[in-house]
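Below is one structure, written out as structure tokens; the observations come after it.
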2 protein chains.
Amino acid sequence: MATSSIIDIHSLKRSCADCSLHELCLPRGLDRQALEQLEKVVKRSYSLHKGEYLFRTGDEFKYIYALRSGSMKLHLMDVQGNNQVLGFYFPGEILGLDAIDKKKHLCSAEALETGSYCAFPFSSLSEVCLTVPDLQRQMFRLMSRELTYENELLLTIGKKGAEERLATFLITLSSRFQQLGYSAVEIKLSMARQEIASYLGLTIETVSRLFGRFQRAGLITVKRKHVHIKDMEALKNISSGCVGAHKQAKYSQ
Amino acid sequence: MATSSIIDIHSLKRSCADCSLHELCLPRGLDRQALEQLEKVVKRSYSLHKGEYLFRTGDEFKYIYALRSGSMKLHLMDVQGNNQVLGFYFPGEILGLDAIDKKKHLCSAEALETGSYCAFPFSSLSEVCLTVPDLQRQMFRLMSRELTYENELLLTIGKKGAEERLATFLITLSSRFQQLGYSAVEIKLSMARQEIASYLGLTIETVSRLFGRFQRAGLITVKRKHVHIKDMEALKNISSGCVGAHKQAKYSQ
DNA sequence: CGCGTCGTTGAAGCCGCTCAATAGATGTGG
DNA sequence: CCACATCTATTGAGCGGCTTCAACGACGCG
């Protein structure tokens, strides 16, 4: 479990209502009264540095976490050391929902850069859900959304070729950054090539080559962890397989 | 939406308490009083025939479904006709949870054989959740479990070779059947090769060849849709990559 | 500056896909 | 009941995309 930092400017912000992530995060759609209920259980603003874990496989499940700043990766490892990155998380997003069933975390959440988060004790949170219908609804929605994300990732990994996968990854990242108020074309990757590769079910070399190929084709410019999208349309076309012939089996009826 | 059959023996069973799937399904862990609340909203026992849909992509989300008998596949199709099977569902399992967020079904649920199901209007169900803590908890758990399943599928598709994937599939099927009270070694596949292939991110030819290879190796006997597991241990070893050398990149730290 | 980590690039090989033909199963109608 | 059509599954041959193996380059940090 991460230790709280000595000085954390975020801790000055006292309420979810004041939080800039208000409309993205757990409190989304809650009225003032409901927010007050939520305030009672939230533990606010712990900080986290690159490489630190929010939780690890096997940890007891106690909290749902909301990321306030920074970014994280969720990853799963099996007995032989196969390591699959399941997703990347950005401010306003919720981590830990998959641990509810087994009451243990089955995957690990690791910080990709320095950031901060809020923690909601799950037992208290679910009690509040009983008295605040909007909060219950929001919890259901968040879990449902998580399922949808994973469904799309499954489609990407299971049915798309390497170019489509990376293009899909970039497009998705772009739109998520835009929602957060950042540029849709200037992307700062907080994850390593290795992590992108794992997420997409590819190797690091393939990802590297694809970045090069996209750059040579004039779709993007890449410099280390900085990506500039020059031709969003073309990238979207690749992402949905409208160009370069070779795909995996389609099985269309 | 499926039509209810003219005669359905299951409709004679009036309560979840009497249902043989009681301990697997939504009512799991509920006391008598809680069950009564649940009874008020459930719509029981519609029947469904092979090829019929419980819901399709784009359908308005109104119900959560519990499968009573038979089996279903959940699948997702993108714009170009890439069709990914996301999962197979058996009696006691819940379908439709991923539609809560968007209030629309983003994937389709199709019957693999004749069966029956119960429907829970989601708006009523979530109201009941507010007064029955155990039911709310169960909903959270079910959604969480679904996330866990998908995580494991992602690991399988993203990091494992073809043999490992099929072995994992068979092992998983075996243990689910066992939980349902069926044999763990005599497996009747209700899905076609094509559907297995799509689920595992492979082609139908590869799946067919793997079945042949497993049979020649004495691990199983396959005859059409009937599989007999002869060497569970060996299958588990393959499933976790303990044998046949070649795997995908492991990325172990 | 030297070292370690991360990323890029090249060459070669293999796994699983594609294409194609056959066999088996299922259903239909005469 | 068999002939025919259709769909599903099996099997083979060849190829190609991605991985593997290997070496080099680029950064960042002590």
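Scope of the values below: all heavy atoms of this structure, side chains included, with no hydrogens, waters or symmetry mates. Below, chains carry the letters A, B, ... as their sequence lines are ordered, and counting in each starts from 1.
- The salt bridge (Lys or Arg N to Asp or Glu O under 4.0 Å) check on B/Arg213 picks up B/Glu163, with sequence neighbours excluded.
- Two end axes, each from the C1' atoms of five base pairs, can be drawn for the helix from C/dC1-D/dG30 to C/dG30-D/dC1; they diverge by 40°, to 10 degrees.
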Every protein N/O within reach of nucleotides 27-29 of chain D N/O, cut-off under 3.5 Å:
none

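- Interatomic distance, NE2 of A/His75 versus CD of A/Gln84, reported as 11.5 Å (0.5 Å rounding).
- Closest to the side chain of A/Ala192, out of C/dC17, C/dG16, C/dG7, is C/dG7.
- Closest contact between the side chain of B/Thr206 and the listed nucleotides C/dG16, C/dA11, C/dG7 involves C/dG16.
- The side chain of B/Leu202 approaches C/dC17 more closely than any other nucleotide in the set D/dC18, D/dT20, C/dC17.
- When the P atom of D/dC24 is taken as reference, atom CD of A/Glu205 falls 16 Å away, rounded to whole Å.
- The salt bridge (Lys or Arg N to Asp or Glu O under 4.0 Å) search around A/Arg176 returns A/Glu93, not counting sequence neighbours.
- Here C/dG7 presents its C1' atom at 10 Å from CD of A/Gln194, a figure rounded to the nearest Å.
- Which of C/dG7, D/dT20, D/dG12 sits closest to the side chain of A/Lys225 comes down to C/dG7.
- For the 3.5 Å distance criterion, the side chains of B/Ser239 and B/Glu164 fail to qualify, holding no donor opposite an acceptor.
- Side-chain contact, A/Ser116 with A/Ser69: a donor N or O sits under 3.5 Å from an acceptor N or O.
- Set against D/dT10, C/dT18, C/dT8, the side chain of A/Arg193 has C/dT8 as its closest nucleotide.
- Not counting sequence neighbours, A/Asp78 has no partner by the salt bridge (Lys or Arg N to Asp or Glu O under 4.0 Å) test.
- Side-chain contact of A/Glu113 with A/Ser71: a donor-acceptor pair under 3.5 Å is present, judged by distance alone.
- Applying the ring pair (Phe, Tyr, Trp, His ring centres under 6.0 Å) test to every pair with at least one member in residues 209-241 of chain A, sequence neighbours left out, gives no pairs at all.
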